[in-house]
Amino acid sequence: MNNGIPELLRTSRTIAVVGLSNSRIRPAYGVSEYMQSVGYRIIPVNPKVESALGEKAYKQLEDIPEKVDIVNIFRRSEFVGPIVDSAIRIGAKAVWMQEGVVDEAAAQRAREAGLTVVMDRCILKDHRRMR
């Protein structure tokens, strides 16, 4: 692992998951369920669901009433820019773009705003490597 990922995962507690739904067959569900099972607070962000994994869902990051450490993005790359801008606005510590999700321009904006950026990696796989 590189770029401070173990430290990020050790010091973070709350993960807002953009694109999390109630569909057990979706990668976001399995990854988030795992992260929840190892002690992270998962906050679903999806305007199409009321809740997921027993947690209230929010329409957008700005609606979350508590501090978010990591914004984990399970959306296609073309939708990442506005999500990263929202992560910057709410003062998240990091944005994490799951495997296959890449937006260099958004990543640069996040880095310039002081956020840690992880791109094209699976948070579950990285967490398991730490254990």
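Scope of the values below: all heavy atoms of this structure, side chains included, with no hydrogens, waters or symmetry mates.
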Those residues that, when tested against Phe79, pass ring-ring contact (aromatic ring centres under 6.0 Å, His included) (two or more places apart):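 By the ring-ring contact (aromatic ring centres under 6.0 Å, His included) rule, Phe79 matches no residue at all.
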
What's the spacing between [X] [atom1] and [Y] [atom2] if we round to 0.5 Å?
X     : Y     : atom1 : atom2 : value
Lys56 : Ile64 : NZ    : CD1   : 10.0 Å
Ser12 : Tyr40 : OG    : OH    : 6.5 Å
Leu9  : Asp69 : CG    : CG    : 10.5 Å
Asn46 : Lys59 : CG    : NZ    : 9.0 Å
Leu20 : Met35 : CG    : CE    : 13.0 Å
Ile43 : Lys67 : CD1   : NZ    : 11.0 Å

In this structure, would [X] and [Y] fall into the same cluster of hydrophobic residues linked by side-chain contacts under 4.5 Å?
X      : Y     : value
Val17  : Tyr34 : yes
Leu124 : Ile25 : no
Val68  : Val49 : no

Heavy atoms of other groups near Arg41 CZ, more than 12 under 6.0 Å: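 Yes.
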
More than 12 heavy atoms of other groups within 6.0 Å of Glu78 CD: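 Yes, the 6.0 Å shell around CD holds more than 12 heavy atoms from other groups.
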
Met119 and Val95: CA distance, side-chain angles, deciding distance, side-chain contact (heavy atoms from CB on, under 4.5 Å) verdict: CA-CA 8 Å; Met119 193 161 41; Val95 290; over 6 Å; no

Short side-chain to backbone donor-acceptor contact, Trp96 and Thr116, under 3.5 Å: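 Side chain of Trp96 to backbone of Thr116, a donor-acceptor pair under 3.5 Å: no, none is there.
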
So, do [X] and [Y] sit near enough that their side-chain heavy atoms are less than 4.5 Å apart?
X     : Y      : value
Val84 : Ile73  : yes
Tyr58 : Pro65  : yes
Phe74 : Pro27  : yes
Ile70 : Lys93  : no
Val31 : Cys122 : yes

If you look at every heavy atom in [X] and [Y], which pair is closest and at what distance?
X     : Y      : answer
Val38 : His127 : CG2-CE1, 3.6 Å
Ala52 : Pro44  : O-CG, 3.6 Å
Ser86 : Leu61  : CB-CD1, 3.7 Å
Ile42 : Glu55  : O-CG, 3.1 Å
Ile88 : Ala113 : CG2-CB, 3.7 Å

Sequence neighbours left out, cut at 3.5 Å: what donor-acceptor pairs do the side chains of residues 97-106 make with other protein atoms?
from, atom 1, to, atom 2, distance (Å)
Gln98, OE1, Asn72, ND2, 3.4
Gln98, OE1, Ile123, N, 3.2
Glu99, OE1, Lys125, NZ, 3.3
Glu99, OE2, Lys125, NZ, 2.9
Asp103, OD1, Ala105, N, 3.2
Asp103, OD1, Ala106, N, 2.9

